[in-house]
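Step one of this worksheet: look at the structure below.
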Amino acid sequence: MAFIGLIFFTLAIIGYSSAMRWLHVNPYLTWITGILVQIILLYIFAMLGWLKAGIWIVTTLGVLLLATRLILGYLGKVSFHYEGLHLFDGWMIFLGFVMALVLYRSPLIHYDNFSHWATIVKLLTYTGHLPTPSDTIISFTSYPPATALFITQFVNFVGFSSGAMLVAQFALIWAASYSIFATLRDRTRGLNSMLLCLTIAISYVFNINIRLNNLLVDYVLAILTVAALVGIFAYQSQPKLQFIHVALFSGTLLLVKNSATFFVVIIAIYYLYMLTNRITSSNRFKRISKIIGTWFSSLLTGALPFIWWEIHVKLTFTESKHEISANAYSHQLSQDGMHGFVSIGAQFLKQIFNLESLSTQGFLALNILLIGGWAIIKYACHHPNNLLKLLGWLDLISLLYYFSLLGMYVLSMPFAEAITLDGFERYMSSTVVLNLFIGAIALVRVIDETFYEQNMADRGPRNFQSIWTKNGYQLASFLVMFFAIIMMYSEINGTNFTNNYNRRTLPVMLTKVAQPWTKLNDTKILIVDPQKVEVTTYYAGYLANYYFFTNNATGQAVFSTKKATFKKDLHQYEYVAVPKYDKKFTKGMKKFYHQHIRTGFYKVNKNHLTRLAATKKIN
């Protein structure tokens, strides 16, 4: 059934992509545009309380669109121009397929998967509705649901599992990554296209704090912003399509995470810049009015789904973690005071200027790359270029993001977490990846402009200035292709290594003693965890809540040596999960219950625990 569901879902994705081609969307943007259209449709259904029906309607519509396309094509009523396959298509298809296979076998490990990202997908999948006040299993109720909706749509047809969720998010990332090839002036040039492939592979180096085997959205924010900027550039001569594109991508980004506002501002500024270059009029007032009207209308259209979400959150929940609230920010400032601000700021500056920081290394590497590229192309190739100017803008983006991140630590995060700069590298990876893609796209276009033959129609194997430049080009193309493949395989092998390394972690061991629960409940469950830090940070509790689909699960690492206290603690719960051997718990069970217990899943009775089979489904 999972295979049939996968085929059905895939046909729907192809159907939406075909429909985008029909609407003159750039071929390299059709996949991600089609996915975002589905997300917006699913969002509307979810907000109306019809998510389950909406999933079937939206997916079936995609299949019908594909069938319509095939029928009309057969009748000769419609036809599309296909450029054929290029070198980068082979790279994307083969390595994307291999990565998807690896992710399908990957477990979820990161804390935030269980505190929100995987839990919200499970809630949407098995309840068919957005969180309500009674769904206390969801803590971060203000988090928008865009990625969760797409993942839910996917697992609805292929089956709910960690691997299926990861594959769905990877499909979203891979589709957005494919959009960068729309910026190529000549897609037959192997050097240029492989440089972009190498950029995709290198971007995962700066995403290494979470990798692709997590449902966190920091990389998603960056790659969707890249796709949005690419579309604005690609639709310079298609103002209506550009308008819709900006609204769609900015709207979806805002529904990915609240912090996406920063990236939408970047999109808005670039869109305004492109509008000023395109709209011409002898009447200055008329020209400015038209630019501002078009710009504002597109952004307002994109903001409407998020405004709807904010209203929904305010009306549904009395309080929500990380919600956008001036009162919450004011309370945080008064609580921490100036001393807290100074302490956090000092730690922040220390981290920025730490050369071992991955984000700092990315910042420096991009500066060196673009300054070097600018100098070589200008002085060695005698071709003036704007790479230095672009670098100034990218550095400004980094600087502004530093300030916004500092603001988040000061205003939104508890002091105990903020003073340690919790998640700093993960948050900064978004802007590092964004700047990396923008810089690489600009560099590739400048490289193309330095080629001997600028007439695309006349380019061929013989169109080189000399045999030396031809040999140099071929060698460079081979080396870049080699490193693009190696770097992507490095990410694949790194994910495999991480999976192997995590085979004894609590989430993996839990799957060996009990089946996951799929019916939302309030059953009290204790998860025994010998790692105290996993209990004190609520990792064990969040994991148990996610796995057993309850908000009454608790982790415990320390057990009393007194019989009355030990029994009292245990009898608060209906079930006990022991994924990993805990010496103190085993000793207590032997002493007070006369049972030898190492690992397993047990029902709590008055004077003993009853072991339940690992394959037995409880609910």
Side-chain angles (χ1 to χ4, degrees), residues 24-26 28-29 32-33 36 40 176 179-180 182-183 221-307 310 324 370 385-404 407 430-431 433-443 445-446:
H24 307 292
V25 171
N26 186 282
Y28 299 97
L29 282 154
I32 185 59
T33 304
L36 297 196
I40 294 298
S179 68
I180 66 173
T183 63
L221 291 174
I223 199 64
L224 283 181
T225 305
V226 171
L229 297 175
V230 166
I232 295 172
F233 175 81
Y235 301 137
Q236 294 178 70
S237 58
Q238 299 169 280
K240 292 182 180 178
L241 195 54
Q242 191 181 55
F243 178 98
I244 296 171
H245 173 86
V246 170
L248 176 64
F249 276 76
S250 60
T252 308
L253 267 169
L254 290 171
L255 290 178
V256 170
K257 197 176 182 182
N258 293 332
S259 58
T261 305
F262 180 88
F263 300 95
V264 173
V265 169
I266 294 174
I267 294 170
I269 292 172
Y270 184 59
Y271 181 43
L272 182 61
Y273 168 76
M274 296 299 286
L275 285 176
T276 57
N277 285 344
R278 188 187 72 237
I279 298 177
T280 58
S281 174
S282 56
N283 188 320
R284 185 179 179 184
F285 177 77
K286 183 178 179 181
R287 178 173 180 266
I288 294 174
S289 299
K290 187 173 182 179
I291 289 173
I292 294 176
T294 302
W295 179 77
F296 183 77
S297 298
S298 180
L299 293 174
L300 178 60
T301 303
L304 287 177
F306 182 70
I307 294 172
E310 284 295 296
I324 299 174
L370 290 185
N385 60 88
N386 62 354
L387 291 179
L388 208 57
K389 182 180 178 181
L390 173 69
L391 179 60
W393 285 106
L394 297 183
D395 285 347
L396 178 61
I397 289 174
S398 296
L399 182 63
L400 293 175
Y401 196 75
Y402 277 132
F403 279 114
S404 69
S430 296
T431 189
V433 169
L434 172 63
N435 287 349
L436 173 68
F437 274 105
I438 295 173
I441 289 170
L443 178 60
R445 289 189 65 84
V446 170

* Asked: S398: what forms a side-chain hydrogen bond (donor to acceptor under 3.5 Å, both in side chains) with it, not counting sequence neighbours?
  -> N435

* Structure fact -> In short, E310 meets N258 closest at the heavy-atom pair OE2-OD1, 4.3 Å

* Structure fact -> Smallest heavy-atom separation, A227 atom then A176 atom, equals CB-O, 4.1 Å

* To do: If a pair satisfies side-chain hydrogen bond (donor to acceptor under 3.5 Å, both in side chains) and one of its residues is in residues 226-248, list it, with sequence neighbours excluded.
  => Q242-R278

* Mind checking what makes ring pair (Phe, Tyr, Trp, His ring centres under 6.0 Å) contact with F437, not counting sequence neighbours? -> none

* State, to 0.1 Å, how close L29 and G231 come at their nearest heavy-atom pair, and which atoms those are. => CD1-CA, 3.6 Å

* **Any residue meeting side-chain contact (heavy atoms from CB on, under 4.5 Å) with S297, in chain and number order, not counting sequence neighbours** => F243

* Do you know the tightest heavy-atom contact between F263 and T225? -> CB-OG1, 3.3 Å

* Check: I291 main-chain N/O paired with T294 side-chain donor or acceptor under 3.5 Å -> no

* List in chain and number order the residues that pass side-chain contact (heavy atoms from CB on, under 4.5 Å) with I288, two or more places apart in sequence or in another chain; answer none if no residue qualifies. => R284, I292

* Any side-chain heavy atom of Y401 sitting closer than 4.5 Å to one from S430? -> yes

Extract all donor-acceptor atom pairs below 3.5 Å that involve side chains of residues 386-395 and protein atoms in other chains or at least two apart in sequence.
unit_1	atom_1	unit_2	atom_2	d
D395	OD1	N367	ND2	3.1

* **Heavy-atom donor-acceptor pair, T276 side chain to Y273 backbone, under 3.5 Å** => yes

* To do: May I ask you to test the I397-F262 pair for a side-chain heavy-atom distance under 4.5 Å?
  => yes

* **Residues which pass side-chain contact (heavy atoms from CB on, under 4.5 Å) with L399, listed by chain and number, not counting sequence neighbours** => F403

* Name all residues meeting the side-chain contact (heavy atoms from CB on, under 4.5 Å) criterion together with A260; count only those two or more places apart in sequence or in a different chain, and write none if there are none. => L221, L253

* Asked: Do the side chains of I267 and L299 get nearer than 4.5 Å, heavy atoms only?
  -> no

* Hey, are the side chains of T33 and F249 touching, using non-hydrogen atoms and a 4.5 Å cut-off? -> yes

* Asked: Are any non-hydrogen side-chain atoms of I244 and T301 less than 4.5 angstrom apart?
  -> no

* All side-chain hydrogen bond (donor to acceptor under 3.5 Å, both in side chains) counterparts of Y271, not counting sequence neighbours -> none

* Asked: For L275, does its backbone N or O pair with a side-chain atom of W295 as donor and acceptor, under 3.5 Å?
  -> no

* For the residue pair V226 and V433, establish whether any side-chain heavy-atom pair is separated by less than 4.5 Å. => no

* Please name all residues satisfying ring pair (Phe, Tyr, Trp, His ring centres under 6.0 Å) with Y402, sequence neighbours left out, ordered by chain then number. => none

* Structure fact -> On a heavy-atom basis, the closest approach of V230 and S179 is CG1-O, 3.3 Å

